[in-house]
Amino acid sequence: MKTFTVLLVCFFAGKSHGKIPEYLQEYICKASDPKYEKCVLTSFEKTKPYLMKGIPELSLPPFDPFELPIMTVNRTLNDAVSINAIIRNIKVEGGRNTVIQGLRADPKKHVGEIRLSLPWTTIEMEYDVQGHLLTIPLQSRGFFFGNFTNTQFSIKGGLQTYEKDGNEYFRVKRINSKIVVGDGFIRLTSKNPDMQFGADLIANFFNEDPRRVLDTVNPIFIETSNQLFTVVADQILANLKASEWLPA
């Protein structure tokens, strides 16, 4: 069984202006640019401050910190791994340090691949989880803090166009990511002090050998990330016509 739900009510509300904001116009790369990939890399670096604080005109949320009000995951990998979780008030910091290590893009076919490196990330959230992870039972409600280092992303994807009100818009056709977290440390604080022993058991199991746990839950992490990327991208893309995002 697998389900994934994320509510994006934390994103900017309001109607799109229908145009790329004036202060971003110079950073838009044209499909006809023979150095399109170089243009994208340069634009990313120059617009990073805007991306980190968010762009209300495009319904683009702040990327650092990146926040979600609620997310649920219900996933069984095998007899050893089953997670049923409700996660609230998620806050992720560290995006400002993102480094693009490689980019390939075909603006005419609307496909591309990007490799990113994230030196460090901290995650805070409120959790309610049940299930099991290898030899450890998961049954805890409380607060999570995690510090993760050297996260590597490789994301391949493509867009497709669709018609709305007589105009063409983009949406995600497919997305496939590979994500490897280098190392990590977590701390769990139970809402019920009498249950702190169980929270410590889970945290200690992770901290004793992060690689073992990270590799085990990686399929769930990737699947959840792919769906989250799709939801976020589609919401942003729907704000402007395709010709605004990718002028000829």
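Worth saying up front: this structure is predicted, and the values here are computed from it rather than measured.
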(request) Might you confirm whether atom NZ of Lys30 has over 12 heavy atoms from other residues, nucleotides or ligands at distances under 6.0 Å? (result) no

(message) For Gly94 versus Leu118, what's the shortest heavy-atom pair and its separation?
(response) O-CD1, 3.3 Å

(request) May I ask you to test the Ile155-Ile179 pair for a side-chain heavy-atom distance under 4.5 Å? (result) no

(request) Provide the closest heavy-atom pair for Pro21 versus Glu57 in the form atom of the first, atom of the second, distance. (result) CG-CB, 3.7 Å

(message) What I'd like to find out is whether the side chain of Tyr169 reaches to under 4.5 Å of the side chain of Asp234, using heavy atoms alone.
(response) no

(request) Find out if a path of hydrophobic residues (ILVMFWY) with successive side-chain heavy-atom gaps under 4.5 Å connects Phe144 to Trp120. (result) no

(message) Quick one: does any side-chain atom of Asn84 pair with a main-chain N or O of Val129 as donor and acceptor, under 3.5 Å?
(response) no

(message) With a 3.5 Å distance limit and no angle check, can you tell me whether Ser190 reaches the backbone of Asn192 through a side-chain donor-acceptor pair?
(response) yes

(message) Keeping Arg96 on the side-chain end and Pro65 on the backbone end, is there a donor-acceptor pair under 3.5 Å?
(response) no

For residues 131-141, please give each side-chain donor-acceptor pair under 3.5 Å, one per line with the distance, not counting sequence neighbours.
{"from": "His132", "atom 1": "NE2", "to": "Asp79", "atom 2": "O", "distance (Å)": "2.8"}
{"from": "Ser140", "atom 1": "OG", "to": "Tyr127", "atom 2": "OH", "distance (Å)": "2.8"}
{"from": "Arg141", "atom 1": "NE", "to": "Asp128", "atom 2": "OD2", "distance (Å)": "3.4"}

(message) How long is the straight-line distance from OG of Ser154 back to CZ of Arg115, given to the nearest 0.5 Å?
(response) 7.0 Å

(request) Would you mind reporting whether Pro210 and Phe185 have side-chain heavy atoms less than 4.5 Å apart? (result) no

(request) Decide yes or no on side-chain contact (heavy atoms from CB on, under 4.5 Å) for Phe145 and Ile123, but give the supporting numbers first. (result) CA-CA 6 Å; Phe145 172 82; Ile123 302 177; over 6 Å; no

(message) Please check: side-chain N/O of Thr76 versus main-chain N/O of Ser82, any donor-acceptor pairing under 3.5 Å?
(response) no

(request) Measure the NZ-CG distance between Lys156 and Asn226 for me, rounded to the nearest 0.5 Å. (result) 12.5 Å

(message) For residues Ile55 and Ile28: do they belong to one hydrophobic cluster (side chain heavy atoms under 4.5 Å, members Ile, Leu, Val, Met, Phe, Trp, Tyr)?
(response) yes

(request) Tell me, please, which residues at least two apart from Phe63 pass ring-ring contact (aromatic ring centres under 6.0 Å, His included). (result) none

(request) Could you check whether the rings of His110 and Phe170 sit parallel, tilted or perpendicular, using 30° and 60° as the cut-offs? (result) perpendicular

(request) Give the minimum heavy-atom separation between Trp245 and Ile236, together with the two atoms involved. (result) CZ2-O, 3.3 Å

(request) Would you give the length of the straight line joining atom NZ of Lys91 to atom CD of Glu126, rounded to the nearest 0.5 angstrom? (result) 14.5 Å

(message) Quick one, Leu159 with Lys173, criterion side-chain contact (heavy atoms from CB on, under 4.5 Å). Give me CA distance, side-chain angles, the key distance, then yes/no.
(response) CA-CA 5 Å; Leu159 303 177; Lys173 181 179 182 180; 5.8 Å; no

(message) Do the side chains of Glu113 and Arg104 get close enough for a salt bridge, i.e. N-O under 4.0 angstrom?
(response) yes

(message) A side-chain contact here means heavy atoms from C-beta on lying under 4.5 Å apart; do Gln160 and Arg171 qualify?
(response) yes

(request) Give, for atom CG of Asn239 and atom CG of Leu60, the distance between the pair rounded to the nearest 0.5 Å. (result) 9.0 Å

(message) What I want to find out is whether Glu244 reaches Lys19 closely enough, with some N-O distance under 4.0 Å, to be called a salt bridge.
(response) yes

(request) Could you pull out the closest heavy-atom pair between Cys29 and Pro247, with the gap in Å? (result) O-CD, 3.9 Å

(message) Would you compute the distance between atom CG of Asp64 and atom OG1 of Thr121 and round it to the nearest 0.5 angstrom?
(response) 9.0 Å

(request) Kindly check if the number of other-residue, nucleotide or ligand heavy atoms within 6.0 Å of NZ (Lys48) is above 12? (result) yes

(request) Determine, for Tyr27 and Lys46, whether the Lys NZ or Arg CZ falls below 6.0 Å from the six-membered ring centre while staying within 45 degrees of the axis. (result) no

(request) Kindly indicate whether the side chain of Arg211, heavy atoms from C-beta on, has any atom under 4.5 Å from the side chain of Asp215. (result) yes

(request) Taking the six-membered ring of Phe143 (Phe, Tyr or Trp), confirm whether the NZ or CZ of Lys191 is under 6.0 Å from its centre and within 45° of its axis. (result) yes

(request) Please name the pair of heavy atoms, one in Ile20 and one in Gln25, separated by the smallest distance, quoted to 0.1 Å. (result) O-NE2, 2.8 Å

(request) Please tell me if the side chains of Val92 and Thr122 come closer than 4.5 Å, counting only heavy atoms from C-beta onward. (result) no

(request) Measure from NZ or CZ of Arg75 to the centre of the six-membered ring of Phe221 and say whether it is under 6.0 Å with the direction within 45° of the ring axis. (result) no

(request) Please tell me if the side chains of Asn74 and Ile83 come closer than 4.5 Å, counting only heavy atoms from C-beta onward. (result) no

(request) Keeping the roles fixed (side chain from Asp33, backbone from Lys35), state whether a donor-acceptor pair exists under 3.5 Å. (result) yes

(request) Given side-chain contact (heavy atoms from CB on, under 4.5 Å), test Thr151 with Val180 step by step and report yes or no. (result) CA-CA 6 Å; Thr151 301; Val180 178; over 6 Å; no

(message) I'd like to know if the side chain of Asp200 pairs up with that of Gln196 as donor and acceptor (distance under 3.5 Å, no hydrogens or angles considered).
(response) yes

(message) For a side-chain contact (heavy atoms from CB on, under 4.5 Å) check, start with the C-alpha distance between Val111 and Arg174, then their side-chain angles and the critical distance, and finish with the verdict.
(response) CA-CA 9 Å; Val111 296; Arg174 64 182 180 278; 3.5 Å; yes

(request) For residues Asn150 and Ser117, report the shortest heavy-atom separation together with the two atoms involved. (result) OD1-OG, 4.5 Å

(request) Report yes if the side chains of Ile87 and Met125 come closer than 4.5 Å at any heavy-atom pair, otherwise no. (result) yes

(message) If hydrophobic clusters are built by linking Ile, Leu, Val, Met, Phe, Trp and Tyr wherever their side-chain heavy atoms come under 4.5 Å apart, do Met195 and Leu201 end up in the same one?
(response) no

(message) Just verifying a value: how many Å separate Asn218 CG and Lys178 NZ, rounded to the nearest 0.5 Å?
(response) 11.0 Å

(request) Just jot down the ring-ring contact (aromatic ring centres under 6.0 Å, His included) partners of Tyr23, sequence neighbours excluded, or say none. (result) Tyr50

